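Here's the structure we're looking at; comments come further down.
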Amino acid sequence: MKKIITLTLFLAIISGLAGATLAFVNNMTSPIIEERKIAAVKATLEAIFPGASEYKEIAFEDASGTVTNVYEAVGAGYAFNVNVQGYKDVITFIVGIDEAGEIVGFTVNYVNDTPGLGSKVADPEFANSIIGSKVGDKVDTIAGSTVSSAAVVKGIDAASAVYQSLK
Amino acid sequence: MKSLVNYGMSLLKENPVFGLYLGLCSSLAITTNLDNAVGMGISVLLVLTVSNVVISLLRKLTPDEIRIPVYIVVIATLVKAVELLIKAYAPAIDAALGVFIPLIVVNCIILGRAEAFASKNGVVSSALDGLNMGVSYTLSIVALSLIRQLLATGILNMNNPFNDTVIFDITIIPADFTIPMFSSPIGAFLTFALLAAGVAAINNRDQKKVKGA
């Protein structure tokens, strides 16, 4: 009985120290990681809507819960930051829809799925198959990365729904 | 002095990748270019050295029954810390290596050295052992990636992962004569098999010499 308590306590102390170490590192790195994410969004918005005079974040309603942020490129269109569950981790991407309802931009910001399979959703081929289609069009998934690409397609549909509610 | 001699020997004899066939999953998967190999090698080197030091420090306190869970907690913590640091300071490596960074936790070189060396030796020699194993792991995957990148693309290049500037970029084989197969998994296996056979041949020759004397 005494033995098991010693063992439990030792492992608990080690885990506690590990937790404290990680909290420290996380504290140190999370502001930098956040900053990098925001910087990435701004560059993406400028790439999708180069002519817009102003970019601002706007309020929206999303029934599916996958659209996290909506940015308005004033006079040009809307960009939707979407988080969907991929094969292993979330996939974060931005889809830009212009005033006429055409998808004009698609950029994957974060994908942590299997390199060579799920990671294909970040390839230019997939982006090219999406860009140019209209809101409500069917987007094909990628053979070999069905789970990841189907998740992205579902996210695009959610963004289209939000777009229609904004109109 | 003995550490130095051991160091030279272990590069070939106890080479974790080509001698002991440890940590092959990531070695085969990420060695498509030099950037990945160097990033992965240095991450493993860091985790391996620090985990060896910590486990060596804890070796007298750790109860025998729960030593493996303790090692896993130590290693997982270090890997997560390295992952966060890479995300913050070297996003290019994070983007290229993705899931293989957290998978360092299950790289058997690290747990192997914890169990076989750090749990039985002092802090300084454990740190040296970690550095030594880390360097030979890094050299092995750099060798793999050099061959694969050269044959598959004909270009050897390297970028600074902290600010994305190009360190060097040389075209050696014209694009018409490259073998793209080497960037796919089959190329990884072929390159690995050839290098492992070469290392085995050198080791066998040395053993025969010892027997003859």
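Computation of the quantities below employed the complete heavy-atom set of this structure, encompassing side-chain atoms and omitting hydrogens, waters and symmetry-equivalent molecules. Sequence lines set the chain letters: A, B, ... in the order given, protein chains first and strands last, and positions in each chain run from 1. Keep in mind the model is a prediction, meaning the values are calculated, not measured.
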Inset, instruction - Decide yes or no on side-chain contact (heavy atoms from CB on, under 4.5 Å) for A:Thr114 and B:Val99, but give the supporting numbers first. - result: CA-CA 7 Å; A:Thr114 324; B:Val99 65; over 6 Å; no
For [X], does the [atom1] atom sit with more than 12 other heavy atoms under 6.0 Å from it, leaving out its own atoms?
{"X": "A:Tyr71", "atom1": "OH", "result": "yes"}
{"X": "B:Phe177", "atom1": "CZ", "result": "no"}
{"X": "A:Ile4", "atom1": "CD1", "result": "no"}
{"X": "A:Lys154", "atom1": "NZ", "result": "no"}
{"X": "B:Ile170", "atom1": "CD1", "result": "yes"}

Legend entry - Interface moiety of B:Phe100 toward chain A, non-hydrogen atoms closer than 4.5 Å: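 Answer is side chain: those atoms of B:Phe100 sit under 4.5 Å from chain A.
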Legend entry - Atom group of B:Ser184 that falls short of 4.5 Å from chain A, counting heavy atoms: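 When you check distances to chain A, no heavy atom of B:Ser184 falls under 4.5 Å.
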Inset, instruction - May I ask you to test the A:Thr29-B:Lys87 pair for a side-chain heavy-atom distance under 4.5 Å? - result: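 Sidechains of B:Lys87 and A:Thr29: no contact.
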Legend entry - Non-hydrogen atoms of A:Phe10 and B:Leu61 that approach each other most closely: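 A:Phe10 and B:Leu61 have their closest heavy atoms at CE1-O, 3.7 Å.
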Legend entry - Heavy-atom closest contact (A:Ile32 atom, B:Ala88 atom, distance): CG2-O, 3.4 Å
Inset, instruction - Kindly indicate, with the supporting measurements, whether the criterion side-chain contact (heavy atoms from CB on, under 4.5 Å) is fulfilled by B:Ile66 and A:Ile14. - result: CA-CA 11 Å; B:Ile66 52 161; A:Ile14 293 285; over 6 Å; no
Legend entry - Positive for side-chain contact (heavy atoms from CB on, under 4.5 Å) with A:Val25, one of B:Leu78, B:Leu84, B:Thr77, B:Val82: B:Leu84
Legend entry - Spacing of B:Thr62 atom OG1 and A:Leu11 atom CG [to the nearest 0.5 Å]: 10.0 Å
Legend entry - Closest-packed option against chain A by number of heavy-atom pairs under 4.5 Å, given B:Gly98, B:Ala96, B:Ala81: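 Greatest number of close heavy-atom pairs with chain A: B:Ala81.
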Inset, instruction - Look at A:Leu22, A:Val111, A:Asn112 and state which one has the largest set of heavy-atom pairs under 4.5 Å with chain B. - result: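 Of the candidates given, the most pairs with chain B belong to A:Leu22.
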